[in-house]
Amino acid sequence: MTDTQAVTAAARVPEGWPTTEAAALAVQDELRALLVLDREGPPPGEGRVTGVDVAYDDARGVVAAAAVTLDAATLAVTGRAVAVGPVAFPYVPGLLAFREVPAVLAALEALPGPPGLVVCDGYGLAHPRRFGLACHVGVLTGLPTVGVAKNPFVLAADPPGPRRGDHAPLRLGEEEVGRALRTRAGVKPVFVSAGHLVSLDNACAHTLALTPRYRLPETTRHADALCRRALKEALAGRPATTTD
DNA sequence: GCGACAG
DNA sequence: ATCTTGTCGC
């Protein structure tokens, strides 16, 4: 219907972006102080929700990010944008954000309208240092964010019940920093945590509102399909690692 | 000391 | 994340 053509932007690694693990850890410590966790966040089913995801070609050092905005009530696509650029950091468990954030921000900025709540593909607070990708994106954009990961990370969770909506806590000490949430009956759960300006309860409510049919949120599904297509198209222009 | 480890 | 065929099911 009103599905816009995806706007394509060029992403680049910002000046002063961390190049070592030690520098990245220091940035996490610095940004973590800016997290806002005492807000309920926007209610599910209203306004807009934007999913972000990235695809890589590590051999060529290229990353493509996609941001897809949906009407929260109907889940219809209202805006799409992609950003292609250089990979900003190697993959290090716990430092994923340094790899994806530059391209993700470029895609979000290229959207035709306000993103609303941002759903990230990965963890938020349920992170060894309580500052996963969703927190990072939230602090840098000022937008409410949640993290929905497909696989368990460093925090173990008991298996949730078998029905849609059943969940089990992800604990960091005594604190519940995330949940293994069953979005489809009898199907492997997803791992939800708050990123910025959202409560864990609300993050789970949004996740359920976005999964009327599949295990993963509609936002993530759309963004995943778009960034893969964008990466392919961006690579089609250049055959391979040429002699430059 | 040796693995495991979001994407 | 990515490399990969066929196959079972709606």
Side-chain angles (χ1 to χ4, degrees), chain A residues 11 13 18 21 24-25 27-28 31-32 51-67 82-107 118-139 145-157 170-172 177-181 183-196 200 203 207 211-217 219-236 240-241:
Chain A
V13 182
E21 294 188 24
L25 290 171
V27 171
Q28 285 188 333
L31 297 182
R32 189 177 48 216
V52 292
D53 192 20
V54 303
Y56 302 97
D57 183 317
D58 273 308
R60 297 190 181 97
V62 176
V63 56
V82 301
V84 178
V87 172
F89 204 82
Y91 173 65
V92 179
L95 299 178
L96 177 64
F98 295 91
R99 190 169 166 73
E100 312 199 334
V101 161
V104 166
L105 295 190
V118 176
V119 178
C120 298
D121 198 38
Y123 282 90
L125 268 186
H127 174 276
R129 291 174 297 281
R130 304 178 87 254
F131 201 75
L133 173 66
C135 300
H136 208 126
V137 171
V139 166
T145 60
V146 305
V148 179
K150 297 181 288 297
N151 300 292
F153 191 23
V154 288
L155 307 177
L170 283 168
R171 291 202 185 83
L172 201 53
V177 292
R179 283 178 195 153
L181 176 68
T183 55
R184 302 297 300 163
V187 175
K188 179 183 176 186
V190 295
F191 303 85
V192 181
S193 51
H196 184 55
L200 177 56
T207 301
T211 51
R213 186 169 164 83
Y214 299 102
R215 177 172 84 110
L216 298 179
T219 39
T220 299
R221 291 166 43 77
H222 279 104
D224 179 72
L226 181 55
C227 69
R228 291 195 198 207
R229 185 172 70 74
L231 181 64
K232 241 180 201 180
E233 292 176 0
L235 261 35
T241 309

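Lettering follows sequence order; numbering is per chain, from 1. The figures that follow rest on heavy atoms only: side chains count, while hydrogens, waters and symmetry mates do not.
- Contact check on A:Arg99 versus A:Asp58 returns a salt bridge, with a Lys/Arg side-chain nitrogen under 4.0 Å from an Asp/Glu carboxylate oxygen.
- In this structure, A:Ala126 reaches neither bases nor backbone, as no heavy-atom distance under 4.0 Å exists between it and the strands shown.
- Here A:Pro128 lies out of heavy-atom contact (under 4.0 Å) with every strand.
- A distance cut-off of 5.5 Å between ring centres, combined with a plane angle under 30°, leaves A:Tyr123 outside any stacking arrangement with the base of B:dA6.
- B:dG7 atom C1' lies 15 Å from atom NE2 of A:His136, rounded to whole Å.
- Residue A:Gly147 is out of contact with every strand shown, counting any heavy-atom pair closer than 4.0 Å.
- Here A:Arg213 does not reach the OP1 or OP2 of C:dC10: none of its side-chain N or O atoms lies under 4.0 Å away.
- Remark: the A:Glu100 side chain and the A:Tyr56 side chain contain an N/O donor-acceptor pair separated by less than 3.5 Å.
- Considering CG of A:Leu95 and CZ of A:Phe131, their distance stands at 11.5 Å, rounded to 0.5 Å.
- One atom, OH of A:Tyr56, and another, P of B:dG7, lie 10 Å apart when rounded to the nearest Å.
- Considering only the side chain of A:Arg228, C:dT2 comes nearest among B:dG7, B:dC5, C:dT2.
- The listed nucleotides are B:dC5, B:dA6, C:dT2; the one nearest the side chain of A:Leu96 is B:dA6.
- When the side-chain nitrogen and oxygen atoms of A:Lys150 are compared with OP1 and OP2 of B:dG7, one or more of them lie within a distance under 4.0 Å.
- A:Leu155 comes within 4.0 angstrom of no nucleic acid atom, judged by non-hydrogen atoms across all strands.
- Taking CZ of A:Arg215 as the start and OG1 of A:Thr220 as the end, the distance is 10.5 Å to the nearest 0.5 Å.
- If you measure from atom CG of A:Leu133 to atom P of B:dG7, you get 10 Å, rounded to the nearest angstrom.
- As a whole-Å value, the separation of A:Asp121 CG from C:dA1 C1' is 10 Å.
- Interatomic distance, A:Cys227 SG to A:His222 NE2, rounded to the nearest 0.5 Å: 13.0 Å.
- The phosphate of B:dG7 has OP1 or OP2 within less than 4.0 Å of a side-chain N or O from A:Asn151.
- Atoms CZ (A:Arg130) and C1' (B:dA6) sit 17 Å apart, rounded to a whole Å.
- Distance, A:Arg99 CZ to C:dT2 C1': 11 Å, rounded to whole Å.
- Between the CG atom of A:Asp57 and the C1' atom of C:dC3 there is a distance of 12 Å, given to the nearest Å.
- For A:Leu231, whose side chain is taken as the heavy atoms from C-beta onward, the closest listed nucleotide among B:dG7, C:dT2, B:dC5 is C:dT2.
- Atom OH of A:Tyr214 is separated from atom P of C:dG9 by 18 Å (rounded to the nearest Å).
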